[in-house]
Student: 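Here it is, the structure in full.
Since the structure is predicted, the reported quantities are computational estimates derived from the model, not experimental observations. Each ligand, and each atom within it, is numbered from 1 in the order the structure gives.
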Amino acid sequence: MREQLVLIGNGMAGMRCLEHLVKLAPHKYEITVYGKEPHPNYNRIMLSSVLAGEAELKDIVIQDRNWYDSNEIRLHTSTEVVAVHPLEKQLELQDGSRKDFDKLIMATGSDPFILPLPGVELEGVLTFRDISDCEAMVAAAKQYKKATVIGGGLLGLEAARGLLQLGMEVQVVHLHHYLMERQLDEPAAKLLQKELEEQGMDFLLQKQTKRMIGTDRVEGLEFVDGSRISTDLVVMAVGIRPNTGLAISAGIEVNRGIVVNDWLQTSQPHMYALGECAEHRGATYGLVAPLYEQGEVLAKRLAGVDTKPYEGSVVSTKLKVSGIHVFSAGRFADQPDSKSLRIQDDMAGIYKKVVFENGKVVGAVLYGDTSDSTRLFSLIRKREEVAGREREILFGESVNSGNAGDMQDQVAMMELDEIVCGCNGVSKGRILQAVQEEGCKSVGDIKSCTKASASCGGCQPLVEQLMAMALGQDQMETVPEGICGCTVHTREEIVDAIRAMELMSTREVMHVMGWKEPEGCSKCRPALNYYLGMIWPGIYQDEGESRFVNERNHANIQKDGTYSVVPRIYGGVTSPSELKRIAEIAEKYAVPMVKITGGQRIDLLGVQKENLPAMWSDLDMPSGYAYGKALRTVKTCVGSTFCRFGTQDAIQMGIELEKKYERLYTPAKVKMAVSGCPRNCAEATIKDFGIVAIDGGWEIYVAGNGGVKVRVSELLTKVKSGEEVMEWCGAFLQYYREQARYGERTAHWIERVGLDAIREVLSDQATRTVLVERIEHTLSHTVDPWKEMIESKEKAQTFMPQVHSVAKTEEGIR
Ligand SMILES: Cc1cc2nc3c(=O)[nH]c(=O)nc-3n(C[C@H](O)[C@H](O)[C@H](O)COP(=O)(O)OP(=O)(O)OC[C@H]3O[C@@H](n4cnc5c(N)ncnc54)[C@H](O)[C@@H]3O)c2cc1C
Ligand SMILES: NC(=O)c1ccc[n+]([C@@H]2O[C@H](COP(=O)([O-])OP(=O)(O)OC[C@H]3O[C@@H](n4cnc5c(N)ncnc54)[C@H](O)[C@@H]3O)[C@@H](O)[C@H]2O)c1
Ligand code: SF4
Ligand code: FES
């Protein structure tokens with residue numbers, strides 16, 4: 001007779017353990033599973049995708065009912081275990097019946113914490129933990145408009161993102177003065193908040209809720225400071241509590257969670273606990289990676305296979321919100337014994353912090369660029385000695401080199417049992433096995449075979465590198481991916497369809513091409529708006545609501561909600577009268593800071609939104625587009641006009657370029673510079689388009705940028721005259737506009753397609769001529785946006801505070 005093994009809790013931790021166990025010892029136990037939910041085990045972390053409309057229950061089921069049957073596991077869904085009797089080795093169900101067991105695993109997970117406030121019982125107050133919560137939110141979004149999420153942690157922000165995608169207006173109420181304080185430090189959290197605001201979320205920070213307002217259904221919230229907001233829906237995401245009720249009533253040792261030893265044994269040796277309900281060496285976890293590790297150890301233990309004990313987990317987190325790259329791991333907060341190194345690039349929205357203690361990396365926070373996350377996480381886990389290499393660790397060996405080679409080294413150095421995909425607990429060894437033994441040749445194959453990269457997608461670059469390592473790059477099948485979760489179509493397919501079918505609006509593209517989300521998202525809508533504008537200059541009606549807030553308001557929003565105003569100063573050359581006017585305007589509007597920018601212009605910082613049109617009118621200068629995916633600055637040195645080394649007139653050339661291409665929208669921002677001799681004082685070789693004067697002509701460099709990953713530009717060609725510079729510049733810019741993906745800087749575009757290919761196209765005179773014709777046509781339809789705003793009363797009105805809520809209901813992207 002086989003031993004009776006019973007699992008309470010049909011969730012991710014318990015089932016991970018059983019999945020291993022039936023492989024290791026297929027017939028050792030007679031296994032029964034009890035689960036309160038009506039479904040077989042599904043991937044709870046994918047609920048965020050279900051809420052966002054990117055997946056359905058069937059897509060996220062991990063083991064379907066056939067799997068249970070074929071492994072001879074009896075599954076009882078919608079069945080709650082209400083008591084456990086350790087001495088009798090029995091458990092009790094709701095109907096009073098009792099079931100025997102020899103060994104018991106408790107994997108009951110957590111319950112969402114519900115703030116004990118008056119009104120929480122009202123209709124419309126929800127949590128976000130299971131499929132039924134998703135269904136309730138989706139149903140509410142069809143009927144109601146305003147949602148409030150209490151809690152600005154991982155769960156709250158993912159819930160807020162999903163609700164936005166469902167078309168609701170979303171406010172996040174957070175207790176702390178910055179978001180995700182359990183995972184991030186303040187600078188990273190502020191960058192995150194800015195990005196989420198651009199996506200359309202509103203935040204109320206340092207707000208403590210006092211009660212829910214409403215009679216039957218929730219209608220609003222009142223805060224401890226006496227203020228109130230109205231709402232139609234409240235989602236509470238203020239943390240979780242391990243589900244320990246059964247264990248407590250069974251007399252098993254419980255602290256915060258059910259106390260277990262290194263073999264996941266409770267104080268009753270024939271009873272085990274794992275997952276969120278368990279407490280090991282004083283720690284409880286709320287992420288899947290630790291419970292996968294626990295599941296593996298317990299499965300081996302139960303199978304009688306030799307195993308290392310479970311000694312605790314170092315955890316890392318990523319937020320699953322499209323367009324946001326944030327990573328946090330280990331002890332990221334500064335401590336008396338720790339030292340940290342940081343880089344912050346507000347322009348690029350990048351922040352990196354690495355914390356060191358006793359010569360080891362103990363924690364990290366990355367925002368904006370998380371390409372170093374695997375390397376840093378591996379250093380934290382391995383507690384490798386890095387003394388003396390701290391700066392190298394922060395900057396990464398990849399600086400200046402593009403990071404493909406660096407990542408190859410990373411994957412080569414990883415241990416076989418190291419986890420590549422945290423969401424699905426897939427190790428390097430498992431992926432290599434899928435490639436070498438199961439014939440996987442594309443990331444799609446790996447997804448269906450192992451589930452790696454099938455959830456948040458954050459591990460996909462690593463998976464690709466592993467495959468390239470195992471197969472060789474040329475053997476890898478690259479299956480193109482859609483531009484965002486709303487569509488399976490690539491940029492190329494979309495651009496071709498717009499041209500072939502003469503599609504004229506974002507909605508038309510989404511409708512004709514079968515978007516999963518009829519409204520699109522903050523990733524695809526600005527991209528479609530750009531492609532349509534690029535293809536149909538002068539015909540396409542630009543959709544302001546598909547632009548990010550900065551481009552809609554033609555000014556950069558700052559962290560305090562004010563804006564910055566940067567007028568065009570061609571080639572960095574101004575005049576006393578212009579300077580006087582700027583100074584007077586700065587005084588008139590009490591501008592708190594006037595700053596000279598790195599791009600040789602003047603930034604008026606701290607301007608109230610309602611003052612923008614009047615200031616633009618008073619300035620009477622064109623917009624400097626400091627906020628847009630467009631030509632920003634053309635930096636110049638003094639050149640031959642004043643400098644004794646100058647061989648050409650750099651100032652004149654810079655002004656000519658800036659006057660020509662101002663107002664040109666491009667896939668990403670474009671910066672230019674002109675230096676009057678090879679001493680290159682204008683730093684032209686770290687610009688998207690840089691020109692350096694040489695004897696008898698100019699060298700044209702492309703695809704450079706500053707920022708965290710500085711990239712030195714590459715020589716495109718040498719020309720003799722200023723006319724040729726203008727021609728090459730027009731042809732290069734137009735080719736970039738037509739070929740690059742939205743959001744792709746010239747540096748990334750060139751790394752993707754190769755400079756030689758671009759040079760080959762542009763070297764053809766006839767091609768250059770038609771590209772220049774097309775850019776001239778586009779330029780003939782551009783207007784100065786500030787002028788446009790001032791001249792239209794209706795547009796100027798949108799800057800006034802009283803119409804703020806109207807602007808929001810346009811469902812624009814902020
Ligand atoms: C929306 C969302 C997104 C998330 N995203 C991430 C992420 O990106 N990365 C990450 O690492 N983690 C994420 N998490 C956390 C992760 O899902 C959990 O850590 C994990 O699911 C915990 O697994 P578990 O098996 O311990 O608990 P659960 O998955 O909660 O399973 C416990 C099961 O036990 C059942 N149960 C409880 N009591 C009883 C009883 N008495 N009788 C019968 N059945 C019972 C419950 O109904 C439940 O089905 C996310 C969580 C949520 C809610
Ligand atoms: N991407 C991911 O890894 C992911 C996604 C979703 C959920 N999860 C996991 O699910 C679990 C639950 O997530 P969570 O975000 O609820 O937990 P959490 O504890 O990480 O965050 C809760 C947040 O709510 C805030 N808060 C607490 N009381 C509040 C109040 N009265 N008013 C306003 N804010 C208040 C806290 O300051 C905290 O930042 C966690 O274990 C989390 O790790 C992970
Ligand atoms: S780049 Fe040459 S010309 Fe320009 S300022 Fe420097 S030294 Fe003078
Ligand atoms: S880490 Fe999220 S899918 Fe792999």
Student: Parallel, tilted or perpendicular: which one describes the rings of Phe327 and Phe377, with boundaries at 30° and 60°?
Tutor: perpendicular

Student: Regarding ligand 2, does Glu181 bring an N or O atom to under 3.5 Å of one of the ligand's N or O atoms?
Tutor: yes

Student: Out of all atoms in ligand 1, which are within 4.0 Å of some heavy atom of Gly275? Include the element for each.
Tutor: 26 (O)

Student: Is the closest N or O pair between Met180 and ligand 2 shorter than 3.5 Å?
Tutor: no

Student: Which residue and non-hydrogen atom of the protein lie closest to atom 12 (C) of ligand 2, and at what distance in Å?
Tutor: Ile240 CG2, 3.7 Å

Student: Have a look at Ala189, Gly239, Ala159, Gly152 and point out the one with the heavy atom closest to atom 16 (O) of ligand 2.
Tutor: Gly239

Student: Under 4.0 Å, counting heavy atoms only: does Glu158 come that close to any atom of ligand 2?
Tutor: yes

Student: Does ligand 1 come near enough to Met12 that some N or O of the ligand is less than 3.5 Å from an N or O of the residue?
Tutor: yes

Student: N/O to N/O below 3.5 Å, does that happen between Leu319 and ligand 2?
Tutor: no

Student: Looking at Leu246, which atoms of ligand 1 are within less than 4.0 Å of one of its heavy atoms?
Tutor: 41 (N)

Student: Look at ligand 2 and say whether Glu276 reaches it with a heavy atom at a distance under 4.0 Å.
Tutor: no

Student: Consider every N or O of Lys318 and every N or O of ligand 2, then say whether any pair is closer than 3.5 Å.
Tutor: yes

Student: Ring centres under 6.0 Å, that's the criterion: do Tyr310 and His280 meet it?
Tutor: yes

Student: Taking only heavy atoms of Ser453, which atoms of ligand 4 are found under 4.0 Å from at least one of them?
Tutor: 3 (S), 4 (Fe)

Student: Heavy atoms only: which of Thr209, Leu221, Val238 lies closest to atom 24 (O) of ligand 2?
Tutor: Val238

Student: Can you tell whether the side chains of Lys207 and Glu222 come within less than 4.0 Å, N to carboxylate O?
Tutor: no

Student: Has Leu274 got any heavy atom lying under 4.0 angstrom from an atom of ligand 1?
Tutor: no

Student: Hey, looking at atom 19 (O) of ligand 2, which of Arg182, Gln206, His176 has the closest heavy atom?
Tutor: Arg182

Student: Counting only nitrogen or oxygen atoms and a 3.5 angstrom limit, does Ile150 reach ligand 2?
Tutor: no

Student: For ligand 1 and Arg44, I'd like to know whether there is a polar contact (N/O to N/O, distance under 3.5 Å).
Tutor: yes

Student: Can you tell me which residue and heavy atom of the protein come closest to atom 41 (O) of ligand 2, and the distance to 0.1 Å?
Tutor: Gly286 O, 3.0 Å

Student: Consider ligand 2: state whether an atom of it lies below 4.0 angstrom from any non-hydrogen atom of Leu115.
Tutor: yes

Student: Under a 3.5 Å cutoff, is there a donor and acceptor pairing between the side chains of Gln4 and Asp100?
Tutor: no

